[in-house]
Amino acid sequence: MEKRKKRERIFIVFHWAGLAFSFVVLLIFAIGFVFVMSRELTQILGIALVVAGVVAMIQTNENLRGLDISSCRSQPVAAGEDVALLVLVRNTAERERIGCEIRRAIEWRKGWPSWRARRNVSLWVPVFRADSSSTHTLFLPTQQRGRYPIPPLWVCSVMPVGLCFAWKSFLVGGEYTVYPAPKGIPLQGLLRHGRGKYVGASQGEEDVSGYRPYEKGDPLSRMDWRVFARTGKLVIRSLEEGGADEVAFSWEDTGFLRDEEVRLEQLSFWVAQCLHENRPFSLRLPAGTFSHKNVVACYEALATFGRMS
Amino acid sequence: MPTATSSGWLLAALLVVYVFLLAPTAALFLAILGALALGGIFRVWAVTCSPMWGRLGLVGGLVLVFSLDGMPPTTRLLGELAGMSGAMFLLRPTTPARGLKVLLCLLIMLTAILLKPYPPVGLPFVLFNVIAFLFLAEHLHRPTEAAISLWVSLARSLRVVVPVSLVVSLIFWLFPNLSLFPTASLSGFSGANVLDPGAIAELVTSRRVAFEARFAKGQEIPRASDLYWRGQVLEENSGLRWTRITTSIRRNSILQEAPPPASGRVWIYSQAMTSNRSGVIATLDHPIFADARRLDQDIVVIDSGAGVLSASGSGGLMLKVVASKNRMSDEPLATIAQGCLESAKNIDPRLHELAESLTAGPTTTAAALTEVSGFFRTSGFFYTQRPGRIGNLSDFLFHARRGFCEHYAAAAASLLRLGGIPARVVTGYRGGEWNPWLRKITVRDSDAHAWVEAWDTASGEWLRYDPTNDVAPDLAQQISREMDFTQWPWYRVAVRYSSTIAAYANEKAEATVASVLDSPIWKTLQPVMFGLVVLLSGVIVIRRLAGARNATAAQRAIALMARLEKKGGRFSRERRAGETPLAWLTRLADRAGTPLERSRTHAVAQTYAGIVYAAVRVTSLADLQSQARALCKTWKN
């Protein structure tokens with residue numbers, strides 16, 4: 001049975017080179033019209049170039065056919081840093097697709113973006129192999145904390161001739177979290193201020209509540225090497241809430257700072273420090289208490305603090 | 001985006017070919033060739049010698065060309081400027097964007113080549129150029145990760161080439177008038193001394209411009225019915241075939257020595273044309289004065305009598321013509337009169353009967369012409385440019401009854417002669433393409449026409465009679481519509497007006513440039529500019545030499561690294577955008593296929609860092625050179 005082509009929405013406009021090409025073709029026609037010593041040849045040249053331009057346009061369209069963004073995931077990121085979107089692109093076509101870019105959609109209605117903005121949000125993908133999927137990381141700049149919908153993404157290309165710019169738009173859904181930029185004084189400073197506390201810090205021993213199998217990403221400091229030596233199994237010691245080394249800090253602990261955003265940045269800094277030092281922590285906010293066991297929820301709370309989620 | 005350094009030389013080679021085709025003898029050719037040859041050196045020595053000097057050299061070359069050769073025509077100037085721009089782009093590494101710019105410059109150059117009076121290239125070259133454009137544009141943009149072999153690339157480009165060729169062929173097949181010959185290419189009178197069935201039919205398919213007639217402001221424009229351009233007069237009759245009578249018979253000359261005063265009885269206009277092998281100058285019927293010039297030299301216009309003018313030699317002709325509205329009143333000399341009564345021998349008796357029946361009643365020539373006209377109008381004759389095989393006059397008049405101007409003119413003149421009225425066939429053109437803004441009539445080969453002149457003894461004049469009007473009155477109406485631009489469709493007015501504006505602007509620009517070049521200021525300025533170019537060239541050479549001598553070891557090392565990068569590119573080891581030389585070498589070392597390659601890459605990196613970045617230089621340039629050579633050998637293996 002004949003395979004029918006799926007209808008896809010692909011937009012095409014002239015690239016700058018295409019505009020220059022059009023100008024040259026018009027020039028050829030105009031010159032041929034006025035001066036010509038051999039109008040026939042200039043007509044042939046002009047018409048052949050017009051047809052070549054149309055064929056180039058069709059081929060640019062073909063180069064995007066079959067490409068599809070299946071999903072898009074991200075990890076929380078601090079404000080000011082680039083959020084990494086993991087974009088899964090599927091090429092269902094029987095041919096490879098070359099020289100494409102994955103980029104944030106240009107929102108024409110909001111005006112033409114600056115050159116810098118356009119350059120920073122695109123990812124060059126030389127080849128999408130035929131009938132395969134691949135994951136690509138697209139970095140988007142962030143400015144303020146919050147939860148943001150993943151913007152519409154484009155897969156675009158000027159291939160194969162560079163005269164036309166074609167794109168396919170994808171609205172993949174989902175959100176990414178931008179938590180406050182970690183700034184402020186370290187935890188030691190907090191303790192000097194007499195706020196916050198090391199729960200059980202003086203006991204010297206950790207309160208082990210149990211063991212669980214090692215998972216990727218677990219801190220190696222929690223690995224029980226004695227069990228490993230005896231059994232060869234990788235196990236992680238689970239600590240009780242308020243166990244040894246756990247730091248508890250709360251929104252009130254940042255009362256020495258006035259601005260709400262600065263206070264959130266301070267909390268973010270402490271969370272980051274704890275994670276960096278593999279230190280268990282608990283963060284108490286008006287919305288609830290969050291611990292190191294669910295860092296993502298913790299960051300989301302910081303990102304959406306005082307805002308409707 | 002990828003860089004396509006390998007296409008640089010291909011583009012440079014094409015540019016050289018185009019420059020050679022455009023201006024093989026110009027100094028610009030040498031300038032661009034030199035700059036392209038030095039381009040690689042400029043690139044390698046980018047630290048000491050910026051490509052800017054190459055650009056200055058090119059601009060200097062252009063100035064040199066203009067100061068020595070004078071300002072070239074507009075189209076050539078356009079081509080040379082495009083060539084200069086292309087060469088300037090090629091002085092820097094070829095990126096896809098830059099490569100496309102070079103390709104666009106090449107297209108403009110090709111257009112300039114096509115506009116040369118005798119273009120050195122033809123259709124295959126034009127099509128090759130379009131294919132090369134697509135192929136190179138694709139090659140420039142293809143990422144190295146998706147690189148394919150040349151043959152595969154060519155095979156894939158067929159996917160573009162084949163549809164392009166098919167569509168272009170289809171367009172030209174559907175619209176044959178696209179291949180109109182231009183107004184600037186004048187063919188002159190394309191008729192001959194013989195009127196043979198089929199001769200004019202061949203011309204009708206040709207759209208080549210025969211000549212242009214331009215009427216100055218205030219000069220009267222002929223009416224559509226007066227647009228007969230007199231070429232040759234044929235008096236020897238042998239049925240449908242008519243030939244010019246031998247030159248031993250003199251005709252009355254009607255050409256005057258001096259231009260007659262302007263009056264309501266004359267048309268005054270200027271005519272641009274080329275006199276070709278026949279030498280005949282077709283002018284508005286009928287000329288009484290003609291002043292011809294070729295290359296600003298006066299040319300003698302030969303008057304062969306009966307309003308037939310000719311000029312010796314070949315090439316462009318500019319004429320000032322005064323044509324009379326009066327009928328030609330040169331009474332034929334006795335021999336001519338005799339000749340104008342002679343008919344073909346062994347003629348079909350039915351023709352005699354027909355001629356007598358048409359001319360027996362009327363007492364005047366005009367009345368006889370009316371009878372003949374009525375015969376053609378009412379006897380089922382049909383106008384066609386493809387009448388099929390017609391054997392002789394009888395066959396045409398009694399059986400086929402289909403033909404074109406040639407058949408009708410020959411038949412009408414024959415019938416008149418058989419009826420005892422002196423008659424002759426005149427060949428030339430009829431109508432033309434009217435431009436009301438430039439007051440210009442462009443006459444093409446397809447306007448070729450034949451008509452009849454009959455001698456009216458009573459008035460002592462030759463009466464023009466066009467039998468084609470009797471069988472194809474719509475042709476006359478078509479000429480009337482052409483001369484009245486208010487009857488044109490809007491798109492035709494728009495196109496014709498646009499082309500007029502462009503042509504007028506070009507004329508003005510060329511006239512301005514010509515006046516500047518003729519001015520005394522330019523003559524004074526020319527040697528000064530030449531001196532400046534020489535001075536500038538000297539400065540460039542001195543700066544270059546000084547730069548090379550004073551280059552520090554670090555600069556030389558950087559230049560050496562640039563060469564190494566270039567070689568790396570040939571072995572799929574390109575340096576990425578934004579990657580420093582050391583980062584590049586580190587990446588190469590990490591991905592090295594053999595321990596030897598890794599160690600050599602490390603060695604080059606260390607030596608390079610030692611020369612360029614160390615506070616105290618610890619390694620020598622010679623070491624770096626030898627290590628780079630060794631690394632290149634490893635890559636090759």
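Just so we're on the same page: letters track the sequence lines, and every chain starts at 1. The structure displayed is predicted, hence computed values, not measured ones.
Heavy atoms of other residues, nucleotides or ligands lying less than 6.0 angstrom from CZ of B:R492 number more than 12.
Proximity to chain A is absent for every atom of B:F125, based on heavy atoms less than 4.5 angstrom apart. In this structure, chain A has a heavy atom under 4.5 Å from the side chain of B:L127, while its backbone stays farther away. For a residue to count as touching a neighbouring chain, one of its non-hydrogen atoms must lie under 4.5 Å from one of that chain's; by this rule A:V24 touches chain B with the side chain only. For B:A97, the parts sitting under 4.5 Å from any heavy atom of chain A are the backbone and the side chain alike.
A:T142 places no side-chain N or O within 3.5 Å of a backbone atom of A:V83 that could act as its donor or acceptor partner. In this structure, A:T135 contributes its side chain and A:V87 its backbone to no donor-acceptor pair below 3.5 Å. Between the side chain of A:K168 and the backbone N or O of A:W154 there is no donor-acceptor pair closer than 3.5 Å.
Contacts with chain B were tallied for A:A48, A:A20, A:A17; A:A48 has the most, counting heavy-atom pairs under 4.5 Å. Of the listed residues (B:I108, B:L136, B:T111), the greatest number of heavy-atom pairs within a distance under 4.5 Å of chain A belongs to B:T111.
Shown here are the salt bridge (Lys or Arg N to Asp or Glu O under 4.0 Å) partners of A:R129, two or more places apart in sequence or in another chain: A:E96.
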